Asker: 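Let me give you the structure first, and then I'll get to my questions.
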Number of protein chains: 2
Amino acid sequence: MTVTLADVAARAQVSPATVSRVLNGNYPVAATTRERVLRAVDELDYVLNGPASALAAATSDLVGILVNDIADPFFGIMAAAIQSEIGGPGGRAGGERLGVVCNTGGSPERELTYLTLLQRQRAAAVVLTGGAVENTAHATAVATKLRKLADAGTRVVLCGRPPAPADTDAVALTFDNRGGGQELTEHLIELGHRRMGYIAGPEERTTTRHRLEGHRAALAAHGIPDDPAWTVHGRYDRRAGYEATLELLRREPSLTAVVAANDTVALGACAALRDSGLRIPDDVSVVGFDDLPFSVDAVPALTTVRLPLSEAGALAGRVAMGREEAPEGGIVTVRGELMVRGSTGVPKG
Amino acid sequence: MTVTLADVAARAQVSPATVSRVLNGNYPVAATTRERVLRAVDELDYVLNGPASALAAATSDLVGILVNDIADPFFGIMAAAIQSEIGGPGGRAGGERLGVVCNTGGSPERELTYLTLLQRQRAAAVVLTGGAVENTAHATAVATKLRKLADAGTRVVLCGRPPAPADTDAVALTFDNRGGGQELTEHLIELGHRRMGYIAGPEERTTTRHRLEGHRAALAAHGIPDDPAWTVHGRYDRRAGYEATLELLRREPSLTAVVAANDTVALGACAALRDSGLRIPDDVSVVGFDDLPFSVDAVPALTTVRLPLSEAGALAGRVAMGREEAPEGGIVTVRGELMVRGSTGVPKG
DNA sequence: CTGTTAGCGCCTTCAG
DNA sequence: CTGAAGGCGCTAACAG
């Protein structure tokens, strides 16, 4: 029924092995022979059987990309960049690799499930993006999985995620969330703000914790007390930002600034402030984090920290493909850049 | 080195066949035996070899999801919805399927390449999302590919994409882009607008053409002449919207409304208008399309057509999994809903 | 440079 | 309900 490599070999009057060599291009084959094989492939409209070749070679062309939320541009941008480096030539079987994006939805179980699925597929590499869940049991389980993947020859790269235990052999490109958070709050402090609300992401996430730590470090550095009531946790979405802002306003109507865990949350915060009749930045300043494409279009444009998502993703992709050396020690920290725009100003009064 | 099914069988003191049956759960096995096998699997930390099982069974657990631009929430939202229906139980081998998102970047070649890769992997299903490229050669190539995929047992579903030729056996969930486009322009006409600029998407895309056709149908229905100079094509991104708007303003400073191909483009249009010192909607009204999450946060909030991306994606996912019957004739048209918000008003003067 | 020979690890009839 | 046996399609040593 389906044409196999043997059919091609017969038509081209060579052995199956030769066809395989032509297809994988990793072995010297006479030009005329290659020509003949390629023609046969074409005439028969032959398509290599991936599973069979993966089985025989004990490795596949799959590269897994795990993201917390594919509907969030933060991950979409990174995933696109990673994939753009993976699609190219360099793999086995015709030089094409299949970059597959897996959406964990932020769920630890799904993350583990996908890792197992990828392990089962004998993936060539796996890239984990974004913040990790900070649950000891889960962190251990993930580390164990990564260890096994690495043992099985799968390259493991972390992108925008803190380093895994050293014995997992994972390369890590980490974002300096702490530093960015600190810069943002310091910017507000310099403008004169003292009463700032903080909308944090979900608890037990590294991203959440690091950004919050940066904020607190800035407060501490300037001797500003940190009132726990001025910090609210929520998901990384617009709605959470909206609701958290109303809650903060209820707790402390005199806030002069709102620091959001990311741009999406900041957008929700802006909406809540407007709906509460407050002007930005005249009454309340707002800052986000990430500098997603829409942030510059907010009115007023959002002050935020730009993360080089695309660049980081591309680098991660190259490392995953083995096309670029892993950095010394396997860890790179990528800094963000403070983008001061219209959403922040001096506090009123 | 690596643990195989045979190892598990030995440890559980059963035959490999029995282990296979337990793992796939598609065959009666005595409870006590199953128990024993499962324990052995656990103790040995056995992970099924995907390629081997795909080879033997002539089908894999992969489900491909093709998107034009994963960084665009339009696709991200659909992809997330599709994947959420795929991850669940129902597949072979432990009931898990691997939903893989492939980013074509809108390139016909990459689309074909991914389709081949998926064919090579013997994917269980493939979901193609978003507008198709309207190039005859390419359309034919894709149709041929889909035909072959279907012949090989791969289920093919189109989501937010016009139906493929009937003989491809592809189920299609189509968005009523024409109707939505017409409603939007009709809304503007009813407000009193007569001079409307149109920012279309890339040429040779079904989405672009259909939305534009809707716009023109509305103009025609009201006897409003359609000046070709008032239509500009560009990519589906913010920047294209920004530049196209400046161009339209240059060509016709007296425009009272700008119709954008989608929300992202509309956002760019708003920015350009603001930068040109024009107020929205007092000087110029703006409408988008899709109703992405950020659209309600624009200032003023964007008038647009809401597409049920999540619902459509979920349905497509279920059909792809064979968990839901394909509709009669294999085609469903999903209508959008006009969302009138602050970005549109009566024209000045 | 090319053909031959063994499997890769699993599923699936076919018996029992 | 369970075991035995053959083969899925390809690759990777070996010889030549």
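Treat the numbers as computed from the prediction; the structure is a model and nothing was measured. In what follows, chains carry the letters A, B, and so on, assigned in the order in which the sequence lines appear, proteins first and then strands, with residues in each chain numbered from 1.
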Asker: Separation of B:Leu5 atom CG from D:dG3 atom P, in whole Å?
Answerer: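 Nearest whole value for this atom pair: 12 Å.
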Asker: Can you tell me which nucleotide in D:dT11, D:dC1, C:dG3 comes closest to the side chain of A:Thr18?
Answerer: C:dG3
Asker: Between B:Gln13 and A:Ala6, who's closer to the 5' end of DNA chain D by nearest nucleotide?
Answerer: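 Between the two, 5'-proximity favours B:Gln13.
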Asker: Hey, which sits more toward the 5' end of DNA chain D by its nearest nucleotide, B:Ala56 or A:Ser20?
Answerer: B:Ala56
Asker: To the nearest Å, how far apart are B:Leu55 CG and D:dG9 P?
Answerer: 7 Å
Asker: Of the listed nucleotides (C:dC10, D:dT2, C:dT12), which one gets closest to any side-chain atom of B:Ala30?
Answerer: D:dT2
Asker: Please identify each residue that fulfils side-chain contact (heavy atoms from CB on, under 4.5 Å) with A:Glu134, with sequence neighbours left out.
Answerer: A:Thr206, A:Arg209
Asker: Below 3.5 Å between N/O atoms, which protein atoms pair up with nucleotides 14-16 of chain D? Just atom names and distances, please.
Answerer:
none

Asker: So which nucleotide from D:dT11, D:dA4, C:dC11 ends up closest to the side chain of A:Leu48?
Answerer: D:dT11
Asker: List the residues meeting side-chain hydrogen bond (donor to acceptor under 3.5 Å, both in side chains) with A:Lys148, not counting sequence neighbours, and say none if there are none.
Answerer: B:Asp45
Asker: How many Å lie between CD on B:Glu35 and C1' on D:dC1, as a whole number?
Answerer: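 Those two atoms, CD and C1', are 17 Å apart.
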Asker: Tell me the interatomic distance from B:Arg34, atom CZ, to D:dT2, atom P, rounded to whole angstroms.
Answerer: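 Answer to the nearest Å: 9 Å.
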Asker: List the atom of B:Ala79, the atom of B:Val101, and the distance in Å for their closest heavy-atom pair.
Answerer: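 So the minimum-distance heavy-atom pair works out to CB-CG2, 4.2 Å.
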Asker: Output the single nucleotide from D:dG9, C:dC11, C:dT4 whose closest atom is nearest the side chain of A:Ser15.
Answerer: C:dT4
Asker: For residues 136-144 of chain B, which side-chain donor-acceptor pairs fall under 3.5 Å, sequence neighbours excluded?
Answerer:
{"residue": "B:His138", "atom": "NE2", "partner": "B:Pro108", "partner atom": "O", "Å": "3.4"}
{"residue": "B:His138", "atom": "NE2", "partner": "B:Glu111", "partner atom": "OE1", "Å": "3.2"}
{"residue": "B:Thr140", "atom": "OG1", "partner": "B:Thr136", "partner atom": "O", "Å": "2.7"}
{"residue": "B:Thr144", "atom": "OG1", "partner": "B:Thr140", "partner atom": "O", "Å": "2.8"}

Asker: Under a 4.5 Å cut-off applied to non-hydrogen side-chain atoms, are A:Thr129 and A:Ile82 in contact?
Answerer: yes
Asker: Give every donor-acceptor pair under 3.5 Å between a side-chain atom in residues 31-40 of chain A and any protein atom, sequence neighbours left out.
Answerer:
{"residue": "A:Arg36", "atom": "NH1", "partner": "A:Ala12", "partner atom": "O", "Å": "2.6"}

Asker: Going by side-chain hydrogen bond (donor to acceptor under 3.5 Å, both in side chains), name the residues that satisfy it together with B:Glu204, two or more places apart in sequence or in a different chain.
Answerer: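 Listed in chain order: nothing, the list is empty.
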Asker: To the nearest Å, how far apart are B:Leu23 CG and C:dC10 C1'?
Answerer: 10 Å
Asker: How many whole angstroms separate atom CZ of A:Arg36 from atom C1' of C:dT2?
Answerer: 11 Å
Asker: Please give, in whole Å, the distance from D:dC8 P to B:Arg120 CZ?
Answerer: 21 Å
Asker: Let me know the distance between OH of B:Tyr46 and C1' of C:dC10, rounded to the nearest Å.
Answerer: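 After rounding, the gap between these two atoms is 7 Å.
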Asker: For C:dC8, take OP1 and OP2 only and decide whether either is under 4.0 Å from a side-chain N or O of B:Thr4.
Answerer: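 No, because none of the side-chain N or O atoms of B:Thr4 sits under 4.0 Å from OP1 or OP2 of C:dC8.
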Asker: Tell me whether the OP1 or OP2 atom of C:dC11 has a side-chain N or O from B:Asn24 closer than 4.0 Å.
Answerer: yes
